[in-house]
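Working notes, structure below.
Numbers here are sequence positions counted from 1. Values reported hereafter were calculated over all heavy atoms of this structure, with side chains retained and with hydrogens, waters and symmetry mates removed.
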Amino acid sequence: MKRLFLLTVVLLCSTEAWSQLTLGNGHHVLEITGSLSTYYNHRVLKETSDNRNKDRFRLRDAQIQLEGRIKDVIEYELQVDFVDLSSLSGGAVDPENPGLMDAWIRYKGLGFVDVQVGYGKLFYSRSSLVPFTYSPYWQRAELLRGDVFGRRDIGVTLTKSLWRQRINVYAGVYTGLAEVSLRGDNDASGAPEYVARVDFAYPARYRYRDIDTRNTPIPMFAVGFNGRYANKQLPDGRSFPNFSTGEYGLKVINGERYVYGMDASFQYKGFSAQFEIHQMWGIPQRNNDALLHGYYTDRDDGFFVAGGYVAQVNYFSRKFKTIMSVRFEELDLNDLIPGNGQRLSGALAYQIKGFDSMIKFQYFNVLREESINPYRWTEQFRIGWQFNFK
């Protein structure tokens with residue numbers, strides 16, 4: 001694997017640094033791109049903690065992406081991050097940045113609908129669909145990182161765009177185990193997860209981007225609505241030997257799980273803003289499930305609710321090639337437990353060559369935390385360099 005990585009880096013570096021490598025034979029076009037990013041992280045710890053293992057340099061990304069088109073009928077994508085490939089062989093899976101990021105094929109020959117099969121991002125949550133390399137932040141909001149709902153899975157997706165791509169409709173069925181579906185079998189119930197999304201933009205197509213680097217001369221907005229449903233029956237209530245239910249144990253539960261949310265985005269002359277809200281309604285199979293925290297006697301059907309919202313405002317200065325952003329997020333992991341968590345983050349990114357090369361700084365501040373999810377730290381600083389081969 002190390003030899004493959006070195007060979008790939010040499011191949012990319014031997015081409016012109018800022019150009020996209022494209023291969024074609026008349027009917028088949030293949031584009032090769034890549035990304036490297038690294039940062040230094042520092043945490044301000046609570047007085048009760050002295051473990052500074054998170055104060056470190058980290059190589060976040062070492063990615064290679066292959067995108068192909070055959071006669072405008074078939075599209076495919078393969079994207080791998082060499083830093084996180086250990087997750088494919090049984091290691092811990094980072095849902096925000098897994099080893100295998102995309103491996104899908106899309107057929108566009110039917111005309112009335114496009115069919116995508118394979119592994120990749122689910123069409124749920126606008127912020128989740130914004131590529132990391134187009135963000136000034138080093139980390140997504142806690143609600144959207146992949147521990148509350150899965151960001152990737154294996155399955156079939158139907159997509160349809162209307163009104164010059166102002167309206168987009170997505171619907172699909174998937175294994176339901178999120179990123180670790182790659183490890184093989186489904187759970188004992190064999191039940192899938194169903195996901196759907198529809199979004200609308202006006203007055204023109206609105207790409208999945210947060211920053212208005214084009215200084216859009218007219219106001220633009222977009223709204224989206226999402227939903228997903230699964231009904232799993234895990235053998236011992238919450239765990240299963242071939243997958244993790246995430247840091248919070250929420251994205252795969254033993255029972256019925258409904259997730260729904262909406263998102264909105266706006267941009268005009270370098271200013272932009274985003275808002276998302278999501279809620280999960282879980283009904284565990286067993287009334288003594290740990291997710292109910294002993295409160296099941298107060299509810300006959302033994303359900304609980306989790307969710308939160310994220311609000312973000314941004315400004316891009318073309319003159320100074322700089323992005324400034326502030327984000328507020330709230331996350332309630334269980335409505336049965338009083339209180340919720342809140343964070344405030346700020347980001348500053350200086351573009352050396354647009355999004356292809358920029359210095360990124362992010363500041364985190366924990367305003368409030370839940371008793372069931374305490375932190376060791378109160379503030380965090382992260383600075384590094386992102387470099388894309390395109």
To the nearest 0.5 Å, tell me how far K108 NZ sits from D114 CG. 5.5 Å
Evaluate whether atom CG of D72 has more than 12 neighbouring non-hydrogen atoms of other residues, nucleotides or ligands under 6.0 angstrom away. no
If we ignore angles and hydrogens, is there a donor and acceptor under 3.5 Å between the side chains of K232 and N186? yes
Tell me whether R207 at atom CZ has more than 12 heavy atoms from other residues, nucleotides or ligands lying less than 6.0 Å away. no
Going by atom types only, do D61 and S35 share a side-chain donor-acceptor pair under 3.5 Å? no
Please walk me through it: do D210 and R126 pass salt bridge (Lys or Arg N to Asp or Glu O under 4.0 Å)? CA-CA 10 Å; D210 286 345; R126 184 184 187 281; 3.4 Å; yes
Any chance CD1 of I105 has more than 12 other-residue heavy atoms, nucleotides or ligands included, within less than 6.0 Å? no
Hydrogens and angles aside, do Q362 and R382 bring a side-chain donor and acceptor to less than 3.5 Å of each other? no
Scan side-chain atoms only and decide if Q312 and N314 contain a donor-acceptor pair under the 3.5 Å cut-off. yes
Is the closest side-chain donor-acceptor distance between S325 and Y137 under 3.5 Å? yes
So, W104 versus Y119, ring centres under 6.0 angstrom or not? no
Using a 4.5 Å cut-off on heavy atoms from C-beta on, say whether the side chain of R52 contacts that of H42. yes
Distance, nearest 0.5 Å, that separates CG of D102 from OH of Y76: 14.0 Å
Between E379 and R43, is there a side-chain N and carboxylate O pair less than 4.0 Å apart? no
Is the charged tip of R58 near the ring of Y39: under 6.0 Å from the six-membered ring centre and within 45° of its axis? no
Could you check R151 against E179 for salt bridge (Lys or Arg N to Asp or Glu O under 4.0 Å), going step by step and ending with a plain yes or no? CA-CA 7 Å; R151 299 185 58 237; E179 297 78 12; 6.0 Å; no
Would you please classify the geometry between the Y202 ring and the W163 ring as parallel, tilted or perpendicular, with 30° and 60° separating the classes? tilted
Carboxylate-amine/guanidinium contact K46 E369, below 4.0 Å: yes
Do F149 and Y124 make the cut of ring centroids closer than 6.0 angstrom? yes
Above 12 or not: heavy atoms from other molecules or residues under 6.0 Å from NZ of K121? yes
Look at the aromatic rings of F387 and F389 and report parallel, tilted or perpendicular, splitting at 30° and 60°. perpendicular
Within the supplied structure, the quantity of interest is the number of heavy atoms (other residues, nucleotides, ligands) at a distance under 6.0 Å from R56 CZ; does it exceed 12? yes
Would the F221 and F266 ring centres measure less than 6.0 Å apart? no
Is there a donor-acceptor pair under 3.5 Å between the side chain of R327 and the backbone N or O of G346? no
Cationic tip of R197 above Y170 ring, under 6.0 Å, 45° of axis: no
Could you tell me the separation between the CD atom of Q274 and the OG atom of S272, rounded to the nearest 0.5 Å? 5.0 Å
In plain terms, say whether R145 and E96 are close enough for a salt bridge, that is, a side-chain N and a carboxylate O under 4.0 Å apart. yes
Any chance CG of D50 has more than 12 other-residue heavy atoms, nucleotides or ligands included, within less than 6.0 Å? no
Please confirm whether the backbone N or O of L291 pairs with a side-chain atom of N334, one donor and one acceptor, at under 3.5 Å? yes
Could you check whether K251 pairs with D153 (Lys NZ or Arg NE/NH1/NH2 to Asp/Glu carboxylate O, under 4.0 Å)? no
Side chain to side chain contact (heavy atoms under 4.5 Å, CB included) between F275 and V310, worked out: CA-CA 6 Å; F275 176 80; V310 180; over 6 Å; no
Distance-only side-chain donor-acceptor flag, E256 / Y229, under 3.5 Å: yes
Using the ring of F132 (Phe, Tyr or Trp, six-membered ring only), decide whether K360 places NZ or CZ under 6.0 Å from its centre and within 45 degrees of its axis. yes
